[in-house]
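Worth knowing before you read on, the calculation uses all heavy atoms, side chains too, and leaves out hydrogens, waters and symmetry mates.
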Amino acid sequence: MLVWGGGNNVSARIGRALIVAIGKYPVDSGWEKIHGDNDGVLMAELLRKQHYNQIILLKNEKATKENIDKALLQLCNDALSGDYLFLHFSCHGQQMMDLNGDEEDGLDEALIPYDALFWYLPGVYEGEKHLCDDELGSWIDKLRRKVGKTGQVFVLLDACHSGTANRYTPDLYIRGTNMIFAPDGYCPKCGANLERSMKLRSLDNLAPALVLSACKPEESNYEYYSRKSRCYYGKLTYSFVQVVTRKSLALTAGGWCKMVEKAMRQLRSSSFSRLQYPYMECSDEENVFVLSVAN
């Protein structure tokens, strides 16, 4: 776990961030190599330039489920009213069986920490290390409550829960899988407790929140090869960095989504990877989100 701190406060509020960046999973985990660890380097540099005082970076073997939970708890404990919080995940993603009946399609979405397995193995591994959307949603609500209505929570998810676990085209990297994590014979059904859904809500005592994902639920998340740096990156991460680097922005949630989508369209891509559009969820579409703590 790497933590940056210190520096001069530019304003009364503090910028705090957690970056989870995984490219290399254990060989026996079932997950293929991607380049999420490259995203972590880009995002840490970007956030330092945006005056974030606390940056927790978990790369590869450091990004276990336990360490992610500890980092989220640390962020929540350290956060003060009015702080700007930023969560970034670059990793694989997977759909899994809905455990509490809050999903219309009977499936939860999960981010894949370093020590999570690809397969459901009864009595051996049943998803304990997956970071499902219900759990992430609960953390987001805790963070929103901690920083209050004068703060904000900005989340970037450079993973996906569709696509394929295998690459059939050389130099084409896809994050995610179309294999559902569930026991054999599992049949998804509409949940009976949809009121438990962790969809973002606008409440007076909670900070506004924006979650920007790399693609729509039915799409695949392709990586982008930068000829300049000779590295692969997540398309969402690379495009987001390009947008912020060009100009310090204050945009609504929809404005951020449009700017990032425009940047993604401008990347040199294969015909397959052009079929990818960022997906946005927010607590209030009229609220303005600012990345820089100096603003």
Side-chain angles (χ1 to χ4, degrees), residues 17-23 25 31 34-40 42-44 46-47 56-59 63 65 68-69 71-72 75 85-96 103 107-114 116 130-141 143-144 152-163 173-178 181 197-200 208-224 233-241 243-244 253-254 256-261 263-264 273 276-283 289 291:
L18 167 62
I19 302 172
V20 176
I22 309 174
Y25 287 85
W31 295 105
I34 50 175
H35 301 86
D37 41 359
N38 291 340
D39 294 359
L42 273 187
M43 287 305 305
L46 177 73
L47 293 176
I56 303 172
L57 173 59
L58 300 177
K59 286 178 62 178
K65 178 60 162 55
I68 293 171
D69 287 342
L72 286 166
L75 211 63
L85 306 183
F86 193 91
L87 306 181
H88 181 93
F89 290 84
S90 283
C91 56
H92 276 300
Q94 187 176 32
Q95 288 184 312
M96 62 187 300
E103 300 287 350
L107 296 170
D108 281 327
E109 281 71 44
L111 298 166
I112 306 301
Y114 178 80
H130 278 54
L131 177 58
C132 75
D133 55 356
D134 294 337
E135 187 176 358
L136 181 60
S138 179
W139 276 114
I140 291 174
D141 275 354
L143 294 171
R144 294 177 65 195
Q152 71 172 26
V153 178
F154 204 136
V155 184
L156 218 62
L157 302 179
D158 208 334
C160 85
H161 311 99
S162 58
Y173 292 88
I174 302 174
R175 301 182 181 184
T177 174
N178 55 13
F181 185 88
S197 173
M198 293 303 298
K199 296 292 184 183
L200 298 175
L210 166 61
V211 179
L212 197 57
S213 300
C215 61
K216 296 178 180 179
E218 69 278 7
E219 297 172 348
S220 297
N221 181 15
Y222 296 86
E223 293 192 335
Y224 168 71
Y233 301 101
K235 288 186 71 176
L236 174 66
T237 301
Y238 190 87
S239 299
F240 184 83
V241 170
V243 167
V244 176
W256 277 107
C257 193
K258 289 178 181 178
M259 290 291 290
V260 171
E261 180 179 331
M264 289 173 68
S273 57
Q276 176 182 346
Y277 298 86
Y279 178 74
M280 176 268 297
E281 293 183 52
C282 65
S283 56
F289 292 85
L291 185 65

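Residues Leu157 and Leu236 share a closest heavy-atom pair of O-CD2, 3.5 Å. A pairwise comparison of heavy atoms in Arg144 and Ser283 identifies NH2-CB, 3.4 Å as the closest pair.
Atom OH of Tyr277 and atom CE of Met264 lie 9.5 Å apart (nearest 0.5 Å). Atom-to-atom distance recorded for Tyr114:OH and Cys91:SG is 14.0 Å, nearest 0.5 angstrom. Taking NE2 of His130 as the start and CD of Gln94 as the end, the distance is 4.0 Å to the nearest 0.5 Å. Here Leu131 contributes atom CG and Leu72 contributes atom CG; the two are 7.5 Å apart, rounded to the nearest 0.5 Å. The distance from atom CD of Glu261 to atom NZ of Lys235, rounded to the nearest 0.5 Å, is 10.5 Å. Atom CD of Glu109 and atom CG of Asp134 lie 9.5 Å apart (nearest 0.5 Å).
Trp31 places no side-chain N or O within 3.5 Å of a backbone atom of His92 that could act as its donor or acceptor partner. Under the 3.5 Å distance criterion, the side-chain polar atoms of Asp39 are matched with a main-chain donor or acceptor of Gly234.
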His88 and Thr237: CA distance, side-chain angles, deciding distance, side-chain contact (heavy atoms from CB on, under 4.5 Å) verdict: CA-CA 9 Å; His88 181 93; Thr237 301; 3.1 Å; yes
message: Ile19 vs Leu47, test: side-chain contact (heavy atoms from CB on, under 4.5 Å). Steps then yes/no.
response: CA-CA 10 Å; Ile19 302 172; Leu47 293 176; 4.0 Å; yes
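Side-chain contact between Gln276 and Cys160 is absent, with no heavy atoms from C-beta onward closer than 4.5 Å.
Taking the centre and axis of the six-membered ring of Tyr279, the NZ or CZ atom of Lys216 falls outside the cone set by 45° and 6.0 Å.
Taking the six-membered ring for Trp and thresholds of 30 and 60 degrees, Phe154 and Trp256 have ring planes more than 60 degrees apart, a perpendicular arrangement.
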